[in-house]
Amino acid sequence: MPEVRRLLARAGVADPESLEAYRSLGGYAALARVAERGPAWVLSELEASGLLGRGGAAFPAGRKWRAVAEAAGRRRVVCNADESEPGTFKDRVLMEQDPFAVVEAMTIAGLTVAAEDGLVYVRGEYRLAAARLRRAIDQAERAGLLGADVAGTGRAFWIRVVRGAGAYICGEETALFNSVEGRRGEPRNKPPFPTQAGLFGDPTLVNNVETLCNVPIVVLEGASGFRRYGTDRSTGTKLFCVSGHVERPGLYEVPFGTTLGELLALAGGVWRGRRLQAVLCGGAAGTFLGPDRLDLPLTFEGLQPVGGTVGSGAVIVLDETASLWDIVLRVARFFQEESCGQCVPCRVGTQRQLEIVTRLASGRARPEDPQLLADIGAAMTDASICGLGQTAAGAVLSALALRPGAPSSSNGGASAAHGRPGEVV
Amino acid sequence: MSIVIEVDGRTLGADEGMTILQALRRAGMDAPTLCYHPNLTPVNVCRACVVEVEGSRALVPSCSRRVEPGMRVRTDTERVRRARKVVLEMLASSVDTSTAPELAAHLAAYHGDPARFGSDVARVLEPLRDDNDLYVRDYAKCILCYKCVEACGEDAQHTFALTVAGRGFAARIDTGADAPLLESRCVFCGNCVAVCPTGALMPLIEHRMRQAGEWDESRQHVAETICPYCGVGCALELHVQGNRIVKVTSPADHDITRGNLCVKGRFGFTYVNPDPGGR
Ligand SMILES: Cc1cc2nc3c(=O)[nH]c(=O)nc-3n(C[C@H](O)[C@H](O)[C@H](O)COP(=O)(O)O)c2cc1C
Ligand code: SF4
Ligand code: SF4
Ligand code: SF4
Ligand code: FES
């Protein structure tokens, strides 16, 4: 399936610091249509579009927007631009190359759910993205497209940029609220959900950057136009961040349903003519897929049965020479370092998992280790408070399934393909 | 308003606004709890109390999730037992449980074996903080149940002397840059000590007696009285061993105190003892 350019239509084409350039390539046409058709129309198109959240949880965007639109009291719109999943850089490209699209989409959200306060929470390291968003907000305000009277609608909407401080957990929506409120970056107890009580206790619409950037497309093309791409249940296009051992790593936009093999082919295939060992799909919170999965369609429904996930869209490719267990060790260390420590399964589980994976990666596995990893993984997945703990065992357990023997020496993964289950060294 | 839920195939009546745990307990059923306390807002962090709720992907903490009409709950599945057991084992593998009877009891009930993670695992290593005349803090025993933070904060004392610092396995209860208690905001009400389920927070007298091998609850009796200091009239339980008051508590279900006291009521009793200066 070919690469398409819908979300990326302006990236690298229009000057990202110029409102005029944005408008000349179709920018703000969607806001004009929203001003004309009204919130009820937007909600029904969005629901009919089948757009699912791109931040990892795949929640239907239309249902979320309606919940906030129907909530009582002051409402808020938050754009989640924390993008801290390892191997993920799609939101960065959107914000750096097409910042007005983020601003326009948030403004549409504000008008639709009747919120006046918008906030975009940008990953701390993303200086250029934050600067470009601020410039875009300034220009939009001066052009009357943001502020006290948005595009002559008589409705107010403001956007504030807040920069994160480097914690992965602050990308979790409720930890993000705590971070903005000046509290400890810990996920909150759900329910209540953000749509009921979010930032500063107000009903809050929180969406990922990529999710929001799909909204102007839905508005301009209608639900049926949007559904021309993708499958029935995974509608539209998806940005995949392909990194690792491919000829042309980078950001690729493809319709949902493109197979893993087709995506890798777009990126020039495994580099240096080597064989594929595995793909870490979904980032650290994702799972390893073996070379036998190349025919798998990249959709929410296609990946789920094999324990896979679209997640953040990170696709990290390992060739046959890579040390799988060294990568697994880095993933285990990542979760041990990023756990907020609030709940027992994740606080202790990520620590114990790291201890065991350290043994496995250095060829010192004990006979009980596979069982311990399975038990710890089950407790983390089933009993953790938030998605961090719930996904912290996915990569480790999928690597174990791919290489049941674990490495028998520190040269790691490739040689371990021939190991026996539970091998002790 | 009364609603009906189903638990392990049994039909139970419950009141709207009740948690699953409350509904279980009212029906004579139970779930193991560590971070739950009837007087504190549920923080649902220990995850010992998890149950299966139909329609929920992950397990659900029964201590905080409210019942809904028609909710179908399972407390006895393999998934629930496994999660509870592993959570208890992991916790016990990381802290000193010598004065944590609840944790030990739950662990035994689930046939947990904390030693199976190996003897070389990371544990919570913290020195005893013995920095004042009234209570000690031994965070090597702390399970981070947040009860002390809540009791010191919005749920009782409103002093906010305690918080959590650090993250992941390095997260600890903290007074702010690890200040000694006398330099912190602490007003020594001891309400944190009263709710600590692990003995990580312990009155100094009890700590000293345990160290000397003198603490013996089987030789203690409890005398109920009213605090003599002010007109509020807090209920006191004087724990007496060998004709000396060794500890003062207040019943957690008492209408006036909810288990809370002030520094005088909780700690100002040594003058009654035959050896007022002694500990
Ligand atoms: C540990 C953790 C980190 C997360 N980080 C991000 C992030 O960086 N960006 C993001 O959009 N969503 C992130 N999420 C998901 C958010 O909680 C939330 O589901 C999402 O922002 C909702 O937007 P969507 O419906 O548009 O996907 C994270 C979740 C978890 C558990
Ligand atoms: S799962 Fe991990 S990150 Fe999430 S609340 Fe629990 S300890 Fe914190
Ligand atoms: S003794 Fe009272 S004031 Fe001091 S930390 Fe404990 S609850 Fe807070
Ligand atoms: S000190 Fe006690 S009450 Fe406080 S978190 Fe630790 S175990 Fe809980
Ligand atoms: S008692 Fe429910 S999570 Fe601790």
Side-chain angles (χ1 to χ4, degrees), chain A residues 57 167-170 175 183-192 304 333-356 358-359 364 366 368-369 371-393, chain B residues 34-35 41-52 56-61 63-66 68 77-95 103 113-114 116-118 120-124 143-146 149 163-172:
Chain A
Y168 173 64
I169 191 58
C170 289
R183 298 170 197 262
R184 186 175 155 79
E186 281 177 349
R188 296 179 187 169
N189 191 7
K190 289 188 241 181
Q304 201 205 3
R333 187 173 296 130
F334 173 78
F335 283 115
Q336 189 265 359
E337 284 174 1
E338 297 295 340
S339 164
C340 84
Q342 188 179 192
C343 67
V344 176
C346 172
R347 177 176 78 239
V348 188
T350 54
Q351 171 66 34
R352 293 287 173 267
Q353 175 172 272
L354 173 62
E355 290 162 358
I356 298 167
T358 303
R359 290 203 286 269
R364 293 180 291 116
R366 298 176 189 161
E368 64 272 25
D369 283 348
Q371 183 62 47
L372 289 177
L373 283 178
D375 282 346
I376 294 167
M380 288 200 289
T381 308
D382 279 344
S384 293
I385 291 181
C386 84
L388 190 149
Q390 288 163 6
T391 59
Chain B
L34 290 169
C35 66
T41 312
V43 285
N44 57 228
V45 297
C46 77
R47 318 304 278 186
C49 72
V50 289
V51 295
E52 246 178 84
S56 281
R57 189 175 38 88
L59 299 177
V60 161
C63 64
S64 65
R65 179 62 61 85
R66 299 195 188 285
E68 288 159 28
T77 62
E78 187 48 41
R79 227 177 125 208
V80 168
R81 292 192 61 84
R82 185 187 198 186
R84 288 179 179 176
K85 173 172 178 244
V86 176
V87 159
L88 294 165
E89 287 177 326
M90 289 202 295
L91 205 46
S93 76
S94 62
V95 297
L103 177 53
D113 171 20
R116 72 190 179 111
F117 298 108
D120 50 353
V121 294
R123 295 176 62 84
V124 176
I143 59 169
L144 276 177
C145 70
Y146 285 61
V149 178
T163 185
V164 178
R167 67 181 185 206
F169 198 71
R172 298 285 187 272

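We name chains A, B, ... by the order of the sequence lines, and we start the count at 1 in each one.
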Options A/Q336, A/R184, A/E368, A/Q390, ranked by heavy-atom pairs under 4.5 Å with chain B, top entry: A/R184
What part of B/S64 gets closer than 4.5 Å to chain A, counting heavy atoms only: side chain, backbone, both or neither? side chain
What option among B/V124, B/L59, B/V60 has the most heavy-atom pairs under 4.5 Å with chain A? B/L59
Residue selection (most heavy-atom pairs with chain A, distance under 4.5 Å) from B/R82, B/R66, B/K85: B/R82
Using non-hydrogen atoms and a 4.5 Å limit, figure out which bit of B/A165 sits close to chain A: side chain, backbone, both or neither. backbone
Heavy-atom proximity to chain A below 4.5 Å, by part of B/V87: both
Side chain proximity check, B/F117 to A/L372, heavy atoms < 4.5 angstrom: yes
Please report the shortest heavy-atom distance between B/A83 and A/A383, naming the atom on each side. CB-CB, 4.2 Å
Part of B/S56 lying under 4.5 Å from any heavy atom of chain A: neither
So for B/V80, is it side chain, backbone, both, or neither that comes closer than 4.5 Å to the heavy atoms of chain A? neither
Relative to chain B, which segment of A/E355 carries a heavy atom at a distance below 4.5 Å: side chain, backbone, both, or neither? side chain
Before accepting this row, confirm whether a basic side-chain N of the pair A/D375/B/R116 lies closer than 4.0 Å to the acidic partner's carboxylate O. yes
Does any heavy atom of chain B fall under 4.5 Å from the side chain of A/I376, the backbone, both, or neither of them? both
Between A/R347 and chain B, which part of the residue has a heavy atom less than 4.5 Å away: side chain, backbone, both or neither? both
Decide, yes or no, whether a salt bridge links B/R167 with A/E338 under the criterion of side-chain N to carboxylate O below 4.0 Å. yes
Is B/A58 close to chain A through its backbone or its side chain, or both, or neither, when contacts mean heavy atoms under 4.5 Å? both
Top of A/E186, A/E337, A/R188, A/R352 for chain B proximity - count of heavy-atom pairs under 4.5 angstrom: A/R352
Decide, yes or no, whether a salt bridge links A/R366 with B/D120 under the criterion of side-chain N to carboxylate O below 4.0 Å. yes
Counting heavy-atom pairs closer than 4.5 Å to chain B, which one of A/P191, A/G185, A/C340 comes out on top? A/C340
Given the rule in the side chain to side chain contact (heavy atoms under 4.5 Å, CB included) test, do A/I385 and B/R47 qualify, once you have shown the distances and angles that lead to the verdict? CA-CA 8 Å; A/I385 291 181; B/R47 318 304 278 186; 3.3 Å; yes
For A/D382, which of B/R84, B/R81, B/R79 qualifies under salt bridge (Lys or Arg N to Asp or Glu O under 4.0 Å)? B/R79
For the interface with chain A, which of B/A171, B/S94, B/G118, B/A170 has the highest count of heavy-atom pairs at distances below 4.5 Å? B/S94
